[in-house]
Number of protein chains: 2
Amino acid sequence: MRADAQRNRDRIVEVARAIFRAKGFEAVSMDEVAKAAEVGPGTLYRHFATKESLYDAVLEAWADKVNTAVDRAISLDAPARERLLNWLTDYASMLTEHKGAAARITAALGDPGSPFAAKCQTYLGANQRVINALDSALRPGVEAIQISRLVGGVAAVVDTSELPADAAAAMLGVVADGLLAP
Amino acid sequence: MRADAQRNRDRIVEVARAIFRAKGFEAVSMDEVAKAAEVGPGTLYRHFATKESLYDAVLEAWADKVNTAVDRAISLDAPARERLLNWLTDYASMLTEHKGAAARITAALGDPGSPFAAKCQTYLGANQRVINALDSALRPGVEAIQISRLVGGVAAVVDTSELPADAAAAMLGVVADGLLAP
DNA sequence: GAACTATACGGAGACACTCTCCGTTTTGCA
DNA sequence: TGCAAAACGGAGAGTGTCTCCGTATAGTTC
């Protein structure tokens with residue numbers, strides 16, 4: 001990639017991250033990002049063919065955060081329910097960090113063609129690690145993709161309804177109880 | 001309302017119902033509805049100020065179906081889990097009947113200003129009736145709006161990911177176990 | 001049944017958005 | 001320095017929501 005192209009790409013991602021964080025996915029237009037990054041729409045679209053692939057680049061650092069959160073939760077010296085709930089809460093709060101992200105990422109979980117496919121693999125892997133760690137404390141047959149979708153669903157509702165943290169916690173509590181062995 | 005206005009309104013709702021059912025909320029444009037109903041866009045927008053308020057009119061008959069489903073589920077001669085799961089399944093399948101409806105209706109649950117506000121009251125009332133009927137079989141502190149949101153979240157994920165019925169059933173099973181007393 | 005007024009109609013178009021085409025500019029190498 | 005390849009960026013196509021306002025019609029009054 002030519003030096004000017006690399007500079008532009010970096011600046012676009014940096015600017016877009018700030019705008020997406022401030023306004024959420026839906027409320028941001030590509031023209032707005034292009035103007036803020038001081039490039040033309042054509043340049044923006046050559047680097048990122050769709051708004052979602054731009055979003056994917058913006059969320060690049062998430063994968064690390066997910067794995068860190070898993071490590072922390074499963075190594076806690078606490079009962080299984082608390083460890084599980086710790087993870088579910090972290091996961092949900094990462095999904096709701098950017099408005100509009102939860103629904104999009106969760107919808108992409110089973111779609112290998114999505115721009116988010118790589119991230120989804122990370123999330124599924126994280127949930128699988130949680131399942132392995134908690135092992136017999138969970139109901140038999142619980143799968144990583146089920147946890148991903150359940151928490152994704154909760155996060156999407158929290159996001160679109162702009163619910164306070166305690167409402168989210170109550171819902172995640174129900175999910176945790178449903179996942180844990182009786 | 002003038003007779004011609006009433007005729008147009010009725011025809012718009014009838015036509016829109018068919019189109020929404022066939023294509024889902026997002027994929028239908030207001031111009032498309034206007035053309036199909038053989039009215040101008042101006043006429044359509046005078047009757048329904050937004051696409052959502054048109055959708056609300058289209059979904060008018062849902063309230064009855066919800067109450068019928070509650071009656072059926074709670075009067076079943078079966079264990080609490082089966083009765084609960086019966087209702088959750090019915091509720092989720094009604095929400096996913098129209099593509100795009102689940103997320104929208106669930107997001108409107110706490111918003112009195114939404115075009116769906118009246119419907120949301122019906123849903124909340126239905127879930128409250130379920131709570132009253134199952135009573136001590138549920139964990140203490142379970143609220144109607146929590147059930148509405150949890151199932152709404154599941155329905156939204158099922159809808160956007162186009163999941164098969166068994167994946168939905170597995171998720172609803174987790175929710176049911178989380179709601180029921182241990 | 002004709003005149004009149006309030007009501008409703010409907011199309012042109014304003015505005016916003018995603019995304020593309022292509023002439024112009026810049027870069028980096030020979 | 002010259003030159004191809006690469007990148008730029010703006011005009012605009014296409015699609016959507018929603019509005020304005022001149023025109024047509026319904027329903028009432030005489």
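Residue numbers start from 1 in every chain, and the chains themselves are labelled A, B, ... in the order their sequence lines are given, proteins ahead of strands.
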Subject >> Closest listed nucleotide, where the reference is the side chain of Arg2(A) and the choices are dA26(D), dT26(C), dC8(D) >> reply: dT26(C)
**OP:** Tell me whether the OP1 or OP2 atom of dC9(C) has a side-chain N or O from His47(B) closer than 4.0 Å.
**Re:** yes
Original post:
Where the side chain of Pro41(B) is concerned, which of dC18(D), dG28(C), dG9(D) is the nearest nucleotide?
Top reply: dC18(D)
Subject >> Between P of dC18(D) and OH of Tyr45(B), the distance in whole Å >> reply: 4 Å
Original post:
So His98(A) and Trp62(A), would you call those rings parallel, tilted or perpendicular, with 30° and 60° as cut-offs?
Top reply: perpendicular
Original post:
Taking only N and O in the side chain of Thr43(A), is any of them less than 4.0 Å away from OP1 or OP2 of dA7(D)?
Top reply: no
**OP:** Tell me, with the steps shown, if Lys23(A) and Ile19(A) meet side chain to side chain contact (heavy atoms under 4.5 Å, CB included).
**Re:** CA-CA 6 Å; Lys23(A) 309 176 68 170; Ile19(A) 300 182; 4.1 Å; yes
Original post:
Do Arg129(A) and Asn132(A) have side-chain N/O donor and acceptor atoms under 3.5 Å apart?
Top reply: no
Subject >> Closest to side chain of Lys51(B), choosing from dA8(C), dG10(C), dT17(D) >> reply: dT17(D)
Original post:
How would you label the contact of Ala3(A) with the nucleic acid (heavy atoms, under 4.0 Å): base, sugar-phosphate, or nothing?
Top reply: sugar-phosphate
Original post:
Whole-Å distance between dT17(D) C1' and Glu26(A) CD?
Top reply: 16 Å
Subject >> Rounded distance in Å - CZ (Arg11(B)) to C1' (dC9(C)) >> reply: 12 Å
Original post:
When you measure from the centre of the six-membered ring of Phe25(A), is the NZ or CZ of Lys99(A) under 6.0 Å away and within 45° of the axis?
Top reply: no
**OP:** With heavy atoms under 4.0 Å as the rule, sort Val28(B) into base, sugar-phosphate or nothing.
**Re:** sugar-phosphate
Original post:
Between dG16(D) atom C1' and Phe25(B) atom CZ, what is the distance in whole Å?
Top reply: 13 Å
**OP:** Report yes if at least one side-chain N or O of Asn8(B) is closer than 4.0 Å to OP1 or OP2 of dA8(C); otherwise report no.
**Re:** no
Original post:
Just wondering, more than 12 heavy atoms not from Glu32(B) lying within 6.0 Å of its CD?
Top reply: yes
**OP:** Would you kindly give the CZ-to-C1' distance between Phe48(B) and dG10(C), to the nearest whole Å?
**Re:** 17 Å
**OP:** Specify the separation, in whole Å, of atom CD of Glu38(B) and atom P of dC9(C).
**Re:** 14 Å
Original post:
Below 4.0 angstrom from OP1 or OP2 of dC9(C), is there any side-chain N or O of Arg46(B)?
Top reply: yes
Original post:
For Asp4(A) and dA7(D), what is the distance between atoms CG and C1' respectively, to the nearest whole Å?
Top reply: 6 Å
